[in-house]
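What's counted below: heavy atoms across the whole structure, side chains too, no hydrogens, waters or symmetry copies.
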Amino acid sequence: MRTLADLTPGSRATVIGVVAAAAATVERLVDLGFTVGTLVQVVRRAPLRDPVIYRVKDYEVCLRRAQAACVQVSEADR
């Protein structure tokens, strides 16, 4: 299963699920717009690979790799 943390800058993917040990993490990610069927693009990442900026819907969100690993995706067509 691929996650947002696996994607490289410039990649686009569709969210297929959000899974985390803590329900609060799932709720926060969903509130930020990471809902099933949403298209997400990797904008850029920090020099040490953490954090990463993602474009979700009409805005950009910055997530740490641990949070991004909770969002399951399928790679979208370019």
Shortest non-hydrogen contact from Ala69 to Ala5? N-CB, 3.9 Å

Any Leu63 side-chain heavy atom under 4.5 Å of Leu32 side chain: yes

Are Gln72 and Val19 close enough, and set up right, to give a side-chain contact (heavy atoms from CB on, under 4.5 Å), and what steps lead you there? CA-CA 7 Å; Gln72 299 172 339; Val19 179; 3.7 Å; yes

Cluster link Val40 to Met1, ILVMFWY, side chain under 4.5 Å: no

Would Arg2 and Glu75 satisfy salt bridge (charged side-chain N to carboxylate O under 4.0 Å, His left out), going step by step from the backbone distance to the final call? CA-CA 8 Å; Arg2 291 192 60 133; Glu75 200 145 359; 3.6 Å; yes

Checking Gln41, Arg55, Arg44 against Glu60 for side-chain hydrogen bond (donor to acceptor under 3.5 Å, both in side chains), the one that qualifies is Arg55

Rounded to the nearest 0.5 Å, what separates atom CG in Asp31 from atom CD in Glu27? 5.5 Å

Given the rule that I, L, V, M, F, W and Y join up when any side-chain heavy atoms are under 4.5 Å apart, are Tyr59 and Phe34 in one cluster? yes

Quick check: do Val36 and Thr38 have side-chain heavy atoms less than 4.5 Å from each other? no

Considering all heavy atoms of both residues, which atom of Pro9 and which atom of Val43 are nearest to each other, and what is their separation? CB-O, 4.2 Å

Working to the nearest 0.5 Å, report the span between CD of Gln67 and OG1 of Thr3. 12.5 Å

Can you spot which of Arg45, Arg64, Arg65 makes a salt bridge (charged side-chain N to carboxylate O under 4.0 Å, His left out) with Asp50? Arg64

Is there a side-chain contact between Leu29 and Val71 (heavy atoms, below 4.5 Å)? yes

Which heavy atom in Val15 sits nearest to a heavy atom in Thr35, and how many Å separate them? CB-O, 3.3 Å

Cluster question for you: counting only ILVMFWY and a side-chain heavy-atom cut-off of under 4.5 Å, with indirect links fine, are Leu4 and Ile53 together? no

Smallest separation among heavy atoms of Leu7 and Ala13, with atom names: CD1-CB, 3.6 Å

